[in-house]
S.K.: 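Mind having a look at this structure? Questions to follow.
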2 protein chains.
Amino acid sequence: MSTFVGWFSHSQISTMTKILLVEAHAIVRIATKLILNEILGPVNIHESQSFGASLDQLASDQFDLVMLDLTIPEGESYHMIQKLRAIQPGVRILIFSAKDESLYAPHYLKAGANGYLTKLAPDAEIKKAILAVLNDERYVSTTVRQQLGHNTSTTGLNHDSPLQYLSPREMEVMDLLLKGKWTKEIAGELKITISSVSTYKTRIFEKLEVSNLIEMFNKVQLYSGSQS
Amino acid sequence: MSTFVGWFSHSQISTMTKILLVEAHAIVRIATKLILNEILGPVNIHESQSFGASLDQLASDQFDLVMLDLTIPEGESYHMIQKLRAIQPGVRILIFSAKDESLYAPHYLKAGANGYLTKLAPDAEIKKAILAVLNDERYVSTTVRQQLGHNTSTTGLNHDSPLQYLSPREMEVMDLLLKGKWTKEIAGELKITISSVSTYKTRIFEKLEVSNLIEMFNKVQLYSGSQS
DNA sequence: ACATTGTGTAGTATTATGTCTACATTTGTT
DNA sequence: AACAAATGTAGACATAATACTACACAATGT
């Protein structure tokens, strides 16, 4: 059952490949390590169970790849990409998340991730994604690839996720809103005024064509089955 | 690194232990199988990627244990317990979910689950949970155990939904709230003052033990079952 | 290079909502 | 029957949220 695929091509890396798993769920880390060993052979894997911890690890060690879960404790949505890159500009970042890819992938790719892999992906797809990113290719599922291609408006019909039209900041606010945070709380968390949060809220509602939280909840739920 | 613990005690089961993993994420299934093999030795594992599929499998095969993720496609919150038991009354059910245990565990235990294991649990805890449930013990984390102990008033088999404690008027207001109506609108519709609506809202939140609309939404979803 | 749209951010005035308190009616309980 | 708890309802007052408006700066289109 060993599916050792061999070293990834163009192997510029002479020392052992070093990978950081940023993932709070032990059960996921276990299987990920297994898969990494299957496709890469002996490999140097470090783990973080919070985003803060991952920053520390990046600061003290050079990594080839970071596999990043989005629902990590201390997570800061798309800012995480920037913060990781601020420490190691060249590090490859593969998002590995349970959040619906068609909803979130475009945003994270835009923010600079090298790939977005959903946890719904089968075994083979996971391997493909890891190898692709290690070879400096961008990884997205075919679904998302089509989605990204489509929305360059050729057909009047686009049944893409409405979330695509949200700006990064709006996205961030929406996530917090979806967690049940109130305006004031969000303002504090993002260190902006309540007024600004209100503005985002208004714009989000407009873009999503909803008029209240519940409708928004339903609309997003529609596209994003699960995440917990 | 093999942590084979041996057969679980009181092994009434002569044939090979049969386990059903109801889990949409391949990555989680992989590690779970690994762990099961570590603690139980050779074991007969089946997998379902949707709740519907799991019902089919239960109907055609006898299982010792079902490990059930709550965010499974076609999932129906706590009704799933009843439906599984309707097919195999004696089957042990261990919830294995990423949802916050202190919020959800009590409800699922009341609904009849044999244990609630969070995906945040470390390796060792996962093993403990599986073995406990296979030995017909109820498994909960120590956190939740304390939580359950606290409200001794509810300790007595009260396995109904908190929605039952709402008065008719409160129920009415809640329904409107769930439709996204705002306070003012509800007041108009029910021909009472805004102030009264506010009072109901407060009482509803108290009874449901939630602090905002989103939590309320989730809680109600939990008890009033399926739709998607 | 210039015009336009999108994005991040707030101030202020206005409006909505929540909190605390209160009280008359039911309803439930010994 | 007698008393306690739950229910339906509000007023006064305090706090929170929104609508407008505005503006700088980035991104994009022509």
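All heavy atoms count here, side chains included; hydrogens, waters and symmetry mates do not. Chain naming here is simple, since letters A, B, ... match the order of the sequence lines and numbering starts at 1 in each.
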S.K.: Under 4.5 Å between any side-chain heavy atoms of Lys83(A) and Phe51(A), yes or no?
M.R.: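 Yes, side chains in contact.
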S.K.: Hey, does Ser198(B) reach any base, or is it just sugar-phosphate, or nothing, if we go heavy atoms under 4.0 Å?
M.R.: base
S.K.: Could you say whether Ile192(A) or Lys207(A) is positioned toward the 5' end of DNA chain C, judged by the nucleotide with the nearest heavy atom to each?
M.R.: Lys207(A)
S.K.: Tell me if the aromatic rings of Tyr104(A) and Tyr116(A) count as close, with their centers under 6.0 Å from one another.
M.R.: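 That pair fails the under 6.0 Å test.
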S.K.: When the distance from OH of Tyr200(A) to P of dT18(D) is rounded to whole Å, what number comes out?
M.R.: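 These atoms are roughly 15 Å apart.
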S.K.: Taking 4.0 Å as the cut-off, does a side-chain nitrogen or oxygen of Lys201(A) come that near to OP1 or OP2 on dT18(D)?
M.R.: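 Affirmative; the distance criterion is met.
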S.K.: For Arg169(A) and Lys184(B), take the nucleotide of DNA chain C holding the closest heavy atom to each; which residue's nucleotide lies nearer the 5' end?
M.R.: Arg169(A)
S.K.: From OH of Tyr165(A) over to C1' of dT7(C), roughly how many Å is that when rounded to an integer?
M.R.: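 It is 17 Å, rounded to the nearest whole Å.
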S.K.: Between atom CD in Glu206(B) and atom C1' in dC20(C), what is the gap in whole Å?
M.R.: 12 Å
S.K.: Please report the distance, rounded to the nearest Å, between CG in Leu166(B) and P in dT7(D).
M.R.: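 The distance from CG of Leu166(B) to P of dT7(D) comes to 9 Å, rounded to the nearest Å.
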S.K.: Closer than 4.0 Å, any side-chain N/O of Ser195(A) to the OP1 or OP2 of dT9(C)?
M.R.: no
S.K.: Regarding Glu23(A) and Thr32(A), do their side chains bring together a donor and an acceptor under 3.5 Å, going by distance alone?
M.R.: no
S.K.: Below the 4.0 Å mark, does dA10(D) have OP1 or OP2 next to a side-chain nitrogen or oxygen of Thr199(B)?
M.R.: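 No, no such contact exists.
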S.K.: Just N and O in the side chain of Ser196(A): are any of them under 4.0 Å from OP1 or OP2 of dT9(C)?
M.R.: no
S.K.: Would you say the ring centers of His107(A) and Tyr78(A) fall short of 6.0 Å from each other?
M.R.: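 No, the ring centres sit 6.0 Å or more apart.
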S.K.: Please report, rounded to the nearest Å, how far the P atom of dT14(C) is from the CD1 atom of Ile194(A).
M.R.: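 Spelled out: CD1 on Ile194(A) to P on dT14(C) is 19 Å.
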S.K.: To the nearest Å, give me how far apart CD (Glu172(B)) and C1' (dT7(D)) are.
M.R.: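 Going from Glu172(B) (CD) to dT7(D) (C1'), I get 13 Å.
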S.K.: Would you verify whether the NZ or CZ of Lys119(B) falls within 45 degrees of the ring axis of Phe96(B) while also being under 6.0 Å from that six-membered ring's centre?
M.R.: yes
S.K.: Nearest whole Å is fine: how far is dG18(C) P from Leu177(B) CG?
M.R.: 8 Å
S.K.: Closer to the 5' end of DNA chain D via nearest nucleotide, is it Arg203(A) or Trp182(A)?
M.R.: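 It is Trp182(A) whose nearest nucleotide is closer to the 5' end.
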S.K.: What is the distance, to the nearest angstrom, from the CD1 atom on Ile204(A) to the P atom on dG8(C)?
M.R.: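 Going from Ile204(A) (CD1) to dG8(C) (P), I get 10 Å.
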S.K.: Phosphate oxygens OP1/OP2 of dA10(D): is one of them under 4.0 Å from a side-chain N or O of Thr193(B)?
M.R.: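 Result: yes.
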